[in-house]
Each structure stands twice: as C-alpha cells, then as structure tokens.
Amino acid sequence: KSAFPDAPPTMLHISTRDIHVGEHNGQADYEEQLVDRVAATLQWATFAHGKLDQIVITLGSDWLTVDNAFRQITRGTQIPGAVSPWECIQLAQRLAIRVIDLCRQVAPVVAINEQGNHDAVLGSAVASICAAWYRDCDDVALFGHHGHKRRPTQVAQTVAGMFAPIWGRCRFRYVMMGHRHHHQSFPLGDAGGVEIIQTRSPSAHTEYE
C-alpha cells in the first residue's frame, strides 16, 4: 500500500468458471476449498493493491455440472456420478451467496452470468436466485462468453462488433474465457490490442473428462 499511495481505481476479477458443482462426491469439502481460495485471493489482492473499487465474479459458465432432471449437460451428455439437479441448484446457490458475501466485505460486486455448455439453463436460474437474494443491496449488481461457441482467436472481433461504443472507450482490453479447464493466454496485437485469457478450473478430473 505504501509503495502505491496514488494508485488508480482497481477492479479485481475472480474467475469462478468451470467449477462444476455437483460433479463428484465430497461437495462439502469442495465448497470449503473454493471459499478458502476466494478468501485468500481477496486477502492477497488487498495486500498487493490496497483499496479495491469493484470485484467481478462469474456465475453460470459451468458453475453447475448438470442442466436437467436426467443429470445431463445442456446438449444431453450424461455425467456419471453427478448429483440430482435439485441438489446441484442448492449447492450452487449456497456457494454463490457465500462467495458474493465474502467479496462484499471488500468492495461492491458485479456478477456476470455466462451460459456454459453444462449449465445454460440452471446456471441462469442460480443467477436469478442471487439477483432476488440481493435485490435490496446497492453494492451488488447482476447483468460473457463461456468459450464453447467461438474459437479464442474469434472472440475479440465478436465482442468489438457487439459492443463497439464500450470497446472504443476502453484503454485496456481483456477477454476472459472458461470451458477448457487450463490456463492459456492469446496475445492478439492485431485485434485492437486485446489479450484473451483462458482461465483454469479448480474442479477435479472426472470420468466425463
């Protein structure tokens, strides 16, 4: 903090993509691991950067691993060993509220709902539950691209075309994507200086993968 007393406003993005709640046993332990990771990230970010002005998290984007009563993903692929969709929703909304409440202690929160290839329907349902839960809170806003409908090298042009006025005003351009479960950066200097960042997943390997 003392090294950067005049630091500009700081936004922290915590990628909660591809956590696949309900995919395997030990959900209680998995939830605690994720909450601990978010808490550690907040602690590190405030220590390294001082005051945070906004925190962005991701809902949907394969937050849940199943999307229907048959324990299938959105397109119909069966997930062996997955919990029921009702239990999956309960687990997901509890985790989402815990994560948002943790972040609210540090800065106002924006939660982006991205439709994943696993949870296009139920992910949006959990986002709606969270919107209702925080409807009277002025420090939480709910309004992305998961990564399964465009090649990484096509995303920058797509976003620039869809959101041209915002794109034109930006000094720094990043596109955050999930889906592939590993970290990778795609520097694309010929696309308006955008950097595409592939975020990793904390979920365990499964029979499906």
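Counting from 1, the numbers follow the sequence of the chain as shown. What you see is a predicted model, and the numbers here were worked out from it, not measured in a lab. What's counted below: heavy atoms across the whole structure, side chains too, no hydrogens, waters or symmetry copies.
Without hydrogens or angle criteria, Arg17 side chain to Ser61 main chain gives no donor-acceptor distance under 3.5 Å. Asp62 contributes a side-chain N or O that, together with a main-chain N or O of Asn117, makes up a donor-acceptor pair within less than 3.5 Å. For the pair Gln27 (side chain) and Gly22 (backbone), a donor-acceptor distance under 3.5 Å is present. The closest donor-acceptor contact from the side chain of Thr58 to the backbone of Ile112 lies at 3.5 Å or more, if one exists at all. Checked by atom type and distance alone, the side chain of Asp53 pairs as donor or acceptor with a backbone atom of Thr10 at under 3.5 Å. Side-chain N or O atoms of Asp119 include none that pairs as donor or acceptor with a backbone N or O of Thr65 at under 3.5 Å.
The environment of Arg37 atom CZ is sparse: at most 12 non-hydrogen atoms of other residues, nucleotides or ligands sit within 6.0 angstrom. At most 12 heavy atoms of other shown residues, nucleotides or ligands fall within 6.0 angstrom of atom CD in Gln43.
Contact between Trp86 and Ala69 at its shortest, heavy atoms only, is CH2-CB, 4.0 Å. Closest approach of Ser124 to Asn113, counting heavy atoms only: OG-ND2, 3.3 Å. Residues Leu52 and Ala45 share a closest heavy-atom pair of CD1-CB, 4.1 Å. Across every non-hydrogen atom of Pro85 and Arg71, the tightest pair is CD-CG, 4.4 Å. Looking at every heavy atom in both residues, Asp67 comes nearest to Ala120 through OD2-N, 3.5 Å. Closest approach of Gln54 to Val110, counting heavy atoms only: NE2-CG2, 3.6 Å.
Annotation: side chain of Arg98 is in contact with side chain of Glu32 (closest heavy-atom distance under 4.5 Å). Side-chain contact check for Tyr30 versus Leu91: every heavy-atom pair is 4.5 Å or farther apart. In this structure, Leu95 and Val35 have side chains that are in contact, with non-hydrogen atoms separated by less than 4.5 Å. Leu122 has its side chain out of reach of Cys88: every pair of non-hydrogen atoms, C-beta onward, lies at least 4.5 Å apart.
Results of the side-chain contact (heavy atoms from CB on, under 4.5 Å) test with Leu12 over Ile57, Val56, Leu42 single out Leu42 as the only residue that passes. Of the residues listed (Glu23, Gln72, His20), the one engaging Ile79 in a side-chain contact (heavy atoms from CB on, under 4.5 Å) is Glu23, and it is the only one.
In this structure, CD1 on Ile55 lies 9.5 Å from CD on Gln105, to the nearest 0.5 angstrom. The OG1 atom of Thr77 sits 7.5 Å away from atom NE2 of His118, with the distance rounded to the nearest 0.5 Å. Note that the CD1 atom of Ile89 and the CZ atom of Arg94 stand 14.0 Å from one another [nearest 0.5 Å]. The CD1 atom of Ile100 sits 4.5 Å away from the SG atom of Cys130 when rounded to the nearest 0.5 Å. To the nearest 0.5 Å, the span separating CG on Leu59 from CG on Leu64 amounts to 10.0 Å. If you take CG on Leu34 and CG on Leu102, they are separated by 11.5 Å, rounding to the nearest 0.5 Å.
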Audit row: Ile73, Val66, side-chain contact (heavy atoms from CB on, under 4.5 Å) steps and yes/no: CA-CA 5 Å; Ile73 69 173; Val66 294; 5.8 Å; no
Show your reasoning for whether side-chain contact (heavy atoms from CB on, under 4.5 Å) applies to Asp101 and Tyr134. CA-CA 10 Å; Asp101 280 348; Tyr134 294 102; 2.8 Å; yes
Given Val38 and Val99, is the side-chain contact (heavy atoms from CB on, under 4.5 Å) satisfied, shown in steps? CA-CA 7 Å; Val38 171; Val99 168; 4.3 Å; yes
Full working for side-chain contact (heavy atoms from CB on, under 4.5 Å) between His49 and Trp44: CA-CA 8 Å; His49 298 283; Trp44 169 83; 4.1 Å; yes
